[in-house]
Q: 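Provided herewith is a single structure, encoded as structure tokens, for subsequent inquiry.
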There are 2 protein chains.
Amino acid sequence: MRKLVYLWNMDLQEGKDKFIQAWGTLGSHWGINRTMAQVHALLLISANPLCAETIMSELQISRGNANMNIRALIDWGLVFKELKPGERKEFFVAEKDMWEVIRQVIVQRKKKELEPIIKVLNEVGQIESETGPDVEEFEKVIRDISLFATKADSTLDSLIKADQHWFVGTFMKMIK
Amino acid sequence: MRKLVYLWNMDLQEGKDKFIQAWGTLGSHWGINRTMAQVHALLLISANPLCAETIMSELQISRGNANMNIRALIDWGLVFKELKPGERKEFFVAEKDMWEVIRQVIVQRKKKELEPIIKVLNEVGQIESETGPDVEEFEKVIRDISLFATKADSTLDSLIKADQHWFVGTFMKMIK
DNA sequence: CTCAACTTTCAAATACTTTTGAAAGTTGGC
DNA sequence: GCCAACTTTCAAAAGTATTTGAAAGTTGAG
């Protein structure tokens, strides 16, 4: 009997660890650093808010690292601070609605990636010059990409505003 | 007069450099390393195919670096080899259709990111165990994410198959 | 005001990624 | 077969990003 309980614990823990690892890897492809994504994963699969101390020991990371990444997650709107009455320390919960998670990631990446490239495209599109095959090719490529970037920008704005029902209903049906 | 010509050259060169830098930064957020994206940018804005030597000197990079990144771009389907009759060395041209570029990036990232997480989700969703709040929360989160991941998977498959007209026409109108 | 409990900061250390360049490999033409 | 022109490889070096931990900062309770 003792052995059975032990094996069951291992299975859940193993599953959690596997998920935390995988979420960390996925995050690192999405502008979220590995540890930041692992903290998010840990909070996602936790039934209760966790404090910094617990996060540090579960993920085997330092205090500074935990603090920095928790703050970054709060900035991204993926984690919220929760204060328990009578307790001095802070507890944290993850945004668990996947649609909301995606939206926040889109907002952040749009700001950090799309907006800067649109700015550069506008700047370099303004070259006053003689004609020539090089200039023409350059300007054509810049025009094409600008068009694309502008479309992507408004598409993302719409996605950010859209709610999940709209997305899952209308969009999913449409692409089938 | 000499001065005017010189200034005009500087402007085009400046524009090209700015664009190459920006495309490099953008690429590094998209699983394409900085140099790889810069090589792609250089080829994008070039009116003619370029050889390794030219790429090396324009971007000030080593032979090995140039070679590795050109090969990677070819693997991703973003650059094509072109042989000029009578010339021994290889020349390269970029995929210039932005829609095709995006499609290739989606294909690669789906393979490297979405498919592995779906595999892990299926594995960890199989835990046989007693009930308890921890297990329930874990399984609920995994189920939610699985659902989402499966939807994303089929959405991306459709996008990959879709052509630009469909996308720009139907999709863009829809989200307005 | 003071203390203890907690959070934040940041310079140095570590880990990870990319780049270099020289040597090895390949290939077409003679 | 042999050479010269070109491409590929890969171990070491350089460059980036992340992590640590100890010290400084903050804050509520007494």
Side-chain angles (χ1 to χ4, degrees), chain A residues 20-21 23-43 49-76 79-93 108-109 112-113, chain B residues 20-21 23-43 49-76 79-93 108-109 112-113:
Chain A
I20 289 170
Q21 289 308 317
W23 203 244
T25 305
L26 185 64
S28 65
H29 291 291
W30 276 86
I32 294 164
N33 92 34
R34 197 185 166 64
T35 306
M36 191 172 157
Q38 289 182 342
V39 172
H40 184 241
L42 177 64
L43 292 172
L50 305 180
C51 64
E53 213 66 42
T54 310
I55 293 170
M56 286 164 58
S57 74
E58 288 276 321
L59 300 180
Q60 304 271 350
I61 59 175
S62 72
R63 183 171 301 284
N65 197 9
N67 183 71
M68 265 178 81
N69 285 299
I70 292 168
R71 294 310 132 191
L73 283 165
I74 292 175
D75 287 348
W76 279 54
V79 161
F80 309 101
K81 199 180 286 194
E82 190 150 302
L83 294 169
K84 293 194 183 179
E87 291 253 32
R88 182 103 171 246
K89 66 186 164 193
E90 299 171 327
F91 288 78
F92 305 97
V93 288
Q108 298 287 332
R109 298 195 69 187
K112 280 204 299 207
E113 297 169 35
Chain B
I20 290 170
Q21 289 308 318
W23 203 243
T25 304
L26 184 65
S28 64
H29 290 292
W30 275 86
I32 293 163
N33 90 36
R34 196 183 167 69
T35 307
M36 190 172 158
Q38 289 182 341
V39 172
H40 183 243
L42 178 65
L43 292 172
L50 305 180
C51 65
E53 215 65 42
T54 311
I55 293 170
M56 285 164 58
S57 75
E58 288 276 322
L59 299 181
Q60 304 272 351
I61 59 175
S62 72
R63 184 171 300 288
N65 196 9
N67 183 71
M68 263 176 84
N69 285 299
I70 292 167
R71 295 310 133 191
L73 283 164
I74 292 174
D75 286 349
W76 278 56
V79 161
F80 309 101
K81 197 181 288 193
E82 190 150 302
L83 294 169
K84 292 194 183 177
E87 292 252 34
R88 183 105 170 245
K89 66 185 166 195
E90 298 171 327
F91 288 78
F92 304 97
V93 289
Q108 298 286 335
R109 297 196 71 187
K112 280 205 297 204
E113 296 168 37

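Convention: sequence-line order gives letters A, B, ...; per-chain numbering from 1. Every value quoted in this text rests on a predicted model; they were computed, and no experiment measured them.
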Q: CG of Leu59(A) versus P of dT19(D): gap in Å, rounded?
A: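 Computing the Leu59(A):CG to dT19(D):P distance gives 11 Å.
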Q: Can you tell me how far OG1 of Thr25(B) sits from CD1 of Ile20(B), rounded to the nearest 0.5 angstrom?
A: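 Ile20(B) CD1 to Thr25(B) OG1: 12.0 Å, rounded to 0.5 Å.
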Q: Would the distance check show the side chain of Asn69(A) and the main-chain N or O of Asn65(A) forming a donor-acceptor pair, the cut-off being under 3.5 Å?
A: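 Checking the backbone N and O of Asn65(A) against the side chain of Asn69(A), a donor-acceptor pair under 3.5 Å is found.
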Q: Looking at Thr35(A), I'd like to know whether one of its side-chain N or O atoms comes within less than 4.0 Å of OP1 or OP2 on dT18(D).
A: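 Checking dT18(D) against Thr35(A), no side-chain N or O comes under 4.0 Å of OP1 or OP2.
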Q: So how far is it from Ile70(A) CD1 to Leu43(A) CG, rounded to the nearest 0.5 Å?
A: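 Going from the CD1 atom of Ile70(A) to the CG atom of Leu43(A) covers 7.0 Å.
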Q: Using a 4.0 Å cut-off to any heavy atom of chain A, which nucleotides of DNA chain C are the first and last in contact, reading 5' to 3'?
A: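 Here the contact window of chain A covers dA4(C) to dT9(C).
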Q: Using salt bridge (charged side-chain N to carboxylate O under 4.0 Å, His left out) as the criterion, list what pairs up with Glu90(A), not counting sequence neighbours.
A: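 Partners of Glu90(A) under the salt bridge (charged side-chain N to carboxylate O under 4.0 Å, His left out) test: Arg71(A), Lys81(A).
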Q: Taking atom CH2 of Trp76(B) as the centre, does the number of heavy atoms from other residues, nucleotides or ligands within less than 6.0 Å exceed 12?
A: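 Yes, enclosed.
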Q: Indicate the atoms forming the closest heavy-atom contact of His29(A) with Arg109(B), along with that distance.
A: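 Distance-wise, the nearest heavy atoms are O-NH2, 2.5 Å.
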Q: In whole angstrom, what separates Lys81(A)'s NZ from dT27(D)'s C1'?
A: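 After rounding, the reported distance stands at 12 Å.
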Q: Could you tell me how far apart Glu90(A) (CD) and dT27(D) (P) are, to the nearest whole angstrom?
A: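 Checked: the CD to P distance equals 11 Å.
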Q: Measuring from atom CG of Leu73(B) to atom CZ of Phe80(B), what distance do you get when rounded to the nearest 0.5 angstrom?
A: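 Interatomic distance, Leu73(B) CG to Phe80(B) CZ, rounded to 0.5 Å: 10.5 Å.
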Q: Can you tell me how far CZ of Phe92(B) sits from CG of Leu42(B), rounded to the nearest 0.5 angstrom?
A: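 Between Leu42(B) CG and Phe92(B) CZ, I get 12.0 Å after rounding to 0.5 Å.
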Q: Could you identify which residues of residues 62-74 of chain B place a heavy atom less than 4.0 Å from some atom of DNA chain D, listed by residue number, or say none?
A: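 Those residues whose heavy atoms fall under 4.0 Å from DNA chain D, taken from residues 62-74 of chain B in numerical order, are Arg63(B), Gly64(B), Asn67(B), Arg71(B).
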Q: Between Met36(A) and Arg88(A), which is nearer to the 5' end of DNA chain D once each is assigned its nearest nucleotide?
A: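 Taking each residue's closest nucleotide, the earlier one in sequence belongs to Met36(A).
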